[in-house]
Amino acid sequence: MQYKHQEIEKKWQEYWANNQTFKASEDDDKPKYYVLDMFPYPSGAGLHVGHPLGYIATDIYARYKRHKGFQVLHPQGYDSFGLPAEQYAIQTGQHPAKTTEENIATYRRQLDQIGFSFDWSREVRTSNPEYYKWTQWIFIQLFNSWYNKDTDKAEAISSLITKFEASGNYEVNAACNDGVGSFTVEDWNSFSDDKKQKILLQYRLTFLSETEVNWCPALGTVLANDEIVNGVSERGGHPVIRKKMTQWSMRISAYAQRLLDGLHTIDWPQPLKDAQTNWIGRSQGAMVSFKVDGYDDNIEVFTTRPDTIFGVSFMTLAPEHELVAKITTTKQKAAVEAYIDATAKRSERDRMADVKTISGVFTGAYAIHPFSGEKVQIWIGDYVLASYGTGAVMAVPCGDQRDYDFAKHFGIEIPNIFEGVDISDEAYTDKEKTVITNSDFLNGLSYKKAMKTVINELEQQGIGYGKINYRLRDAVFSRQRYWGEPFPVYYVDGMPQMISDEHLPIVLPQVEKYLPTEDGRPPLGNAEVWAWDTRINKVVENIKIDHKTVFPLELNTMPGWAGSSQYFNRYMDPRNTKEIFSKEAIEYWQQVDLYIGGSEHATGHLLYARFWQKFMFDKGLVPVDEFAKKLLNQGMILGTSAIIHRVSGTNQYVSKRLKENHETDKLRVDVKLINSSDELDIEALKNWQPQFSDAEFILEDDRFIVGREVEKMSKRWFNVVNPDDICEEYGADALRLFEMFLGPLEQSKPWKTSGISGVYSFLKKLWKLYHNGDIFKVVDVAPTKDELKTLHKTIKKVEEDIENFSFNTSVSTFMIAVNELTAQKCCKRAILEPLLVLISPYAPHIAEELWEKLGNTSSISTAAFPVFEEKFLVETSKKYPISFNGKTRFMLELPSDMSQEAIEKTVMAHEKTQAQLQGRIPKKVIVVPGRIVNIVG
RNA sequence: GCGGGUGUGGUGGAAUUGGUAGACACGCCAGACUUAGGAUCUGGUGCAGCGAUGCGUGGGGGUUCGAGUCCCUUCACCCGCACCA
């Protein structure tokens with residue numbers, strides 16, 4: 001009887017669906033385990049073989065945990081809001097909901113055919129109103145909260161109002177906007193409601209603020225840094241300018257320290273933790289205030305090296321700094337303005353990428369050194385960013401290379417304040433060896449002592465203070481897009497008002513066009529029914545807006561990361577219409593135990609999700625403040641692109657080894673046109689794209705050979721391999737085994753379909769082990785010692801491998817086991833039945849089929865994992881490698897229990913030893929019982 | 001510039017506390033069975049050499065009886081980044 005993967009796989013996929021085999025529940029006594037994949041975006045291109053890599057790994061782990069007696073939650077869903085669907089809608093006029101629906105159907109079909117053990121009854125989609133209702137709900141919770149630094153947690157905004165009513169804001173220690181002035185109780189009570197709301201807005205965890213964005217007037221939209229190339233938009237090449245816009249922001253900076261501290265409590269990859277640590281960027285230093293000569297204004301700077309304050313020889317402001325216009329002298333005005341204009345045209349990324357060019361302009365103004373009283377020049381330079389710190393730097397050229405280069409370039413003085421150090425070539429940045437000199441009261445001090453002393457002095461004199469700074473910025477939460485979550489917000493006299501929880505969800509309105517409006521409002525500005533009626537609490541036509549009872553709704557939508565910041569909790573109770581999730585569900589599932597996905601999410605999704613989780617923890621909604629206990633990054637699967645060589649300037653193509661005779665250009669062609677010997681199907685190529693229909697080909701040995709190059713698997717390089725084709729030809733079990741067999745999960749590795757025949761023939765050998773021709777041949781006969789040994793060493797190895805996420809080595813282990821059992825002609829149930837359970841997480845369909853043939857009536861997924869027993873592996877003898885000066889010369893089999901002395905005696909007496917020594921007397925004989933013998937000399 | 005990662009046969013990769021380098025596969029070579037083979041089976045396959053043997057885990061140095069593994073140094077490639085004051 002033949003192994004027919006198509007029949008078997010279809011049969012069991014239907015069985016699992018019909019029996020809801022993998023449905024998770026909360027109501028039993030088993031320990032729980034929650035395995036999650038990072039949320040997929042259902043793109044129109046469907047899956048390629050790189051996508052399921054992580055899903056296969058989690059599926060193996062989930063199935064293994066079920067065998068180990070756990071109640072496993074292994075859900076899947078779609079991060080279905082996003083830009084590609086919107087772009088497609090702009091081009092074709094089709095509603096993004098429709099194309100998203102179609103894409104999801106494709107994804108689902110592809111996922112199903114790989115045999116994943118997902119609990120599909122819990123599927124969520126971020127673009128579904130029943131789901132985004134809760135995204136909106138969390139937004140409202142954030143709006144109604146402030147961060148109390150004294151209790152170090154988020155609290156209800158009502159507690160802040162209580163404090164204001166008791167003692168103004170003097171006693172309040174909050175994370176809030178810069179520049180919130182002080183006020184007393186009397187002040188507070190005298191404020192208008194409107195003013196009170198404005199003040200409160202500066203404390204809320206989500207708040208409106210002016211943010212600089214990359215605005216493209218021609219496209220009428222805001223662009224991300226990577227959508228801008230050389231200062232113009234990637235699409236269309238239109239100019240882009242920096243523009244201030246009022247947008248919603250999230251006060252993630254309030255959580256900076258807790259986000260850092262939490263990293264020590266979670267089992268995540270160190271590189272990922274490093275990325276987050278750098279992103280949060282904690283630095284310890286001081287705020288120092290410099291007076292501007294001739295003005296009442298001060299320039300505030302943050303510095304990590306206040307110990308070098310006597311080395312300051314100039315200051316640099318960001319060109320956008322608010323004081324620039326005021327303090328620039330008439331003489332310098334033209335130069336400064338020209339520089340500011342030039343800077344405005346550069347994107348932030350441009351400014352940062354360009355390390356080589358040193359540019360800046362003197363403002364003509366001077367600051368007063370707070371200690372020495374000397375005048376220092378004030379410059380502007382685009383290497384200082386307005387968005388970081390105070391947008392101003394005290395420049396210490398002798399201690400900072402960038403300041404040093406700037407000073408050298410513009411001929412500014414470089415005073416040396418380090419003892420015994422030569423700074424004629426470069427700045428001196430070694431903190432540990434620093435001894436300060438030429439610095440008044442800091443002379444002779446080390447870095448550490450000088451830091452303490454100077455901060456003390458700054459605080460004494462009231463011109464500065466010690467401060468911990470984070471580079472983490474508050475996250476902009478508004479997008480000028482259509483296909484995202486609408487905000488549950490309407491505006492009364494320009495002040496945002498939240499819609500009450502009970503009226504959620506606020507459903508995305510219909511629009512005629514998905515582009516921004518002609519006057520530059522976001523796409524929702526096109527909606528005709530997008531106003532809030534406060535009498536009936538419903539969305540009504542815009543024409544009813546009277547600013548008395550009917551008000552305009554927010555036109556922005558939420559960003560992509562909104563929906564993915566809470567989905568892992570929603571999976572615990574996805575159909576709940578009353579709460580985001582029930583207390584029982586969250587108490588049972590707690591948090592994700594294993595989360596697998598790509599490392600590209602390190603500082604986006606994974607940081608925002610941790611932030612929301614901590615907020616929800618503060619609100620008492622979740623029992624733990626980290627959502628994922630363990631996380632793994634799967635590596636990328638690389639494609640093997642096919643390269644053909646075109647003779648330059650012609651439509652003639654030359655086979656790989658003949659290309660040296662010509663001047664050629666490289667062209668990528670679809671890998672589907674190439675066979676396993678790198679030979680091109682010329683006829684197929686001619687039909688592939690019209691440009692090849694009349695092409696000529698120069699062959700070698702009657703064949704056309706292509707070059708191969710390994711690079712990222714992507715539709716754009718025509719090197720994608722579709723899992724549908726693999727499942728059709730080799731089956732899902734072969735695909736699953738092969739993806740794991742490629743190499744360690746976390747490494748990136750090239751895909752070569754030709755290798756799949758190895759795992760496919762393994763499956764056929766496995767099948768044959770249970771069959772003799774057409775007869776199923778498994779019998780109930782006691783197994784031999786050798787058979788038991790094979791089984792138990794396999795159990796041991798596979799269990800260790802799964803626990804260590806070393807899935808590639810367990811595939812080899814299965815191959816070895818099947819090879820050995822085939823050689824032993826094993827057909828004993830006591831061996832072949834447990835073997836199936838070992839294999840079933842990896843190749844579940846064939847395992848189910850053979851399991852059923854063995855007479856079992858329930859799914860193998862519920863079978864217990866076989867228990868390893870050491871006794872079957874006990875050896876009576878050991879083959880020792882006998883080495884001379886570290887090089888193995890021959891093997892010698894000796895009893896396992898032989899003593900060290902006896903081993904030495906036996907080995908030395910052996911004729912081969914004598915032959916190796918040729919009469920020499922060894923200096924030393926090393927015997928490691930159970931391991932090795934090494935004869936030295 | 002900063003941060004992180006990876007270097008082992010023709011290819012993907014294996015190697016537990018330092019203890020037989022190259023498991024398991026792909027590919028290749030030879031053979032068997034076949035009308036045929038992109039099926040199946042058997043054997044071989046790190047490199048050089050007829051061989052004895054020598055050389056081999058990016059390069060150089062070190063520790064050790066013994067190093068892919070530990071230490072120092074150096075090179076190459078890949079990924080991420082918000083010049084972070």
Side-chain angles (χ1 to χ4, degrees), chain A residues 225 269-275 277-279 281-283 285 301-305 315-316 318 348-349 351-356 381-385 387-396 399-403 469-473 599-600 602-603 633 635-636 638 640 675-677 708 710-712 737-738 741-744 746-759 761-762 764-765 768 797 800 804 806 808-817 819 879-891 922-928 930-937:
Chain A
N225 278 337
Q270 195 55 44
L272 200 155
K273 288 185 182 181
D274 292 346
T277 304
N278 289 331
W279 195 265
R282 182 184 200 270
S283 52
V301 299
F302 175 76
T303 173
T304 52
R305 292 296 302 274
M315 302 190 75
T316 315
E348 203 163 284
R349 178 162 287 190
R351 282 165 67 174
M352 289 173 303
D354 186 9
V355 192
K356 301 277 183 302
D382 69 1
Y383 75 97
V384 179
L385 302 178
S387 51
Y388 181 75
T390 61
V393 180
M394 63 171 223
V396 183
D400 182 289
Q401 194 56 44
R402 216 175 29 205
D403 295 344
N469 210 40
Y470 300 92
R471 71 182 203 184
L472 181 69
R473 299 179 199 160
S599 55
E600 67 271 21
T603 50
N633 291 127
M636 217 191 320
L638 307 169
T640 313
N675 73 9
S676 57
S677 330
R708 306 306 301 255
V710 171
E711 57 195 345
K712 188 177 171 147
L737 284 169
F738 187 53
F741 191 58
L742 283 177
E746 282 141 294
Q747 270 172 37
S748 59
K749 52 236 159 193
W751 177 274
K752 265 183 122 178
T753 302
S754 56
I756 204 168
S757 63
V759 292
S761 54
F762 158 74
K764 286 190 281 191
K765 280 185 209 165
K768 273 170 77 174
K797 177 80 173 121
E800 282 170 4
N804 293 320
S806 174
N808 54 326
T809 50
S810 31
V811 179
S812 319
T813 304
F814 294 141
M815 290 174 171
I816 294 168
N819 288 347
K879 267 192 173 178
Y880 280 90
I882 311 301
S883 55
F884 294 80
N885 298 320
K887 291 192 189 337
T888 305
R889 295 302 173 188
F890 63 94
M891 304 296 290
K923 284 192 204 129
K924 208 170 173 185
V925 179
I926 315 266
V927 177
V928 186
R931 283 272 184 208
I932 199 169
V933 178
N934 191 14
I935 297 159
V936 186

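Excluded from the calculations below are hydrogen atoms, water molecules and symmetry mates; all remaining heavy atoms, backbone and side chain alike, are included. Chain letters run A, B, ... following the sequence lines, proteins first and then strands; every chain starts at 1.
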For the backbone of [Y] and the side chain of [X], can you confirm whether one donor and one acceptor N or O come within less than 3.5 Å of each other?
X         : Y         : value
Asn469(A) : Ser283(A) : no
Asp400(A) : Val396(A) : no
Ser883(A) : Val933(A) : yes

Of the candidate nucleotides [options], which contains the atom at the shortest distance from the side chain of [X]?
X         : options                   : result
Ser754(A) : rU16(B), rC26(B), rA82(B) : rC26(B)
Ile926(A) : rA82(B), rC41(B), rG19(B) : rG19(B)
Arg471(A) : rA85(B), rC84(B), rC81(B) : rC84(B)

Taking for Gly743(A) and for Ile932(A) the nucleotide of RNA chain B with the nearest heavy atom, the one nearer the 5' end belongs to Gly743(A)

Nearest-nucleotide wise, let me know which of Ile756(A) and Glu800(A) is further upstream toward the 5' end of RNA chain B.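 Here Glu800(A) is the residue nearer the 5' end.
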
Can you name the side chain to side chain donor-acceptor pair (under 3.5 Å) partners of Arg402(A), sequence neighbours left out?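 Side chain to side chain donor-acceptor pair (under 3.5 Å) check on Arg402(A) returns nothing, list empty.
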
Applying side chain to side chain donor-acceptor pair (under 3.5 Å) to Lys797(A) and not counting sequence neighbours gives Asp801(A)

Table of protein N/O atoms under 3.5 Å from nucleotides 32-34 of chain B N/O atoms:
none

State the pairing partner of [N]; accept Watson-Crick or G-U wobble contacts with both distances under 3.5 Å, and report none otherwise.
N       : answer
rA82(B) : none
rU53(B) : rA48(B)
rU63(B) : none

Would you say that [X] contacts [Y] through its side chain, given a criterion of any heavy-atom pair below 4.5 Å between the two side chains?
X         : Y         : answer
Tyr880(A) : Val928(A) : no
Met315(A) : Val301(A) : yes
Arg471(A) : Asn278(A) : yes
Lys752(A) : Leu742(A) : no

What's the base orientation of rG4(B): syn (chi within 90° of 0) or anti?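 You should classify rG4(B) as anti.
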
Heavy-atom neighbours of Lys749(A) NZ exceed 12 at 6.0 Å: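 Yes, NZ of Lys749(A) has more than 12 neighbouring heavy atoms, counting only those of other groups under 6.0 Å.
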
Shorter than 3.5 Å, N or O on both sides, protein versus nucleotides 23-25 of chain B: list them out with atom names.
| residue | atom | partner | partner atom | Å |
| --- | --- | --- | --- | --- |
| rA25(B) | OP1 | Asn819(A) | ND2 | 2.7 |

According to a strict under-4.0 Å criterion, is Lys764(A) in side-chain N/O contact with OP1 or OP2 of rU40(B)?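 Looking at the OP1 and OP2 atoms of rU40(B), one of them is under 4.0 Å from a side-chain N or O of Lys764(A).
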
For the residue pair Phe738(A) and Trp751(A), does the interplanar ring angle fall in the parallel (under 30°), tilted (30 to 60°) or perpendicular (over 60°) class?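 Plane angle over 60°, so perpendicular.
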
Which whole number of Å gives the distance between the [atom1] atom of [N] and that of [M]?
N       : M       : atom1 : value
rA32(B) : rA21(B) : C1'   : 33 Å
rG31(B) : rU8(B)  : P     : 34 Å
rG5(B)  : rG9(B)  : P     : 22 Å

When you compare the protein's N or O atoms with those of nucleotides 66-71 of chain B, which come within less than 3.5 Å of each other, and at what distance?
none

What does the list of N/O pairs under 3.5 Å between the protein and nucleotides 2-11 of chain B look like, with a distance for each?
| residue | atom | partner | partner atom | Å |
| --- | --- | --- | --- | --- |
| rG3(B) | O2' | Asn278(A) | ND2 | 3.2 |

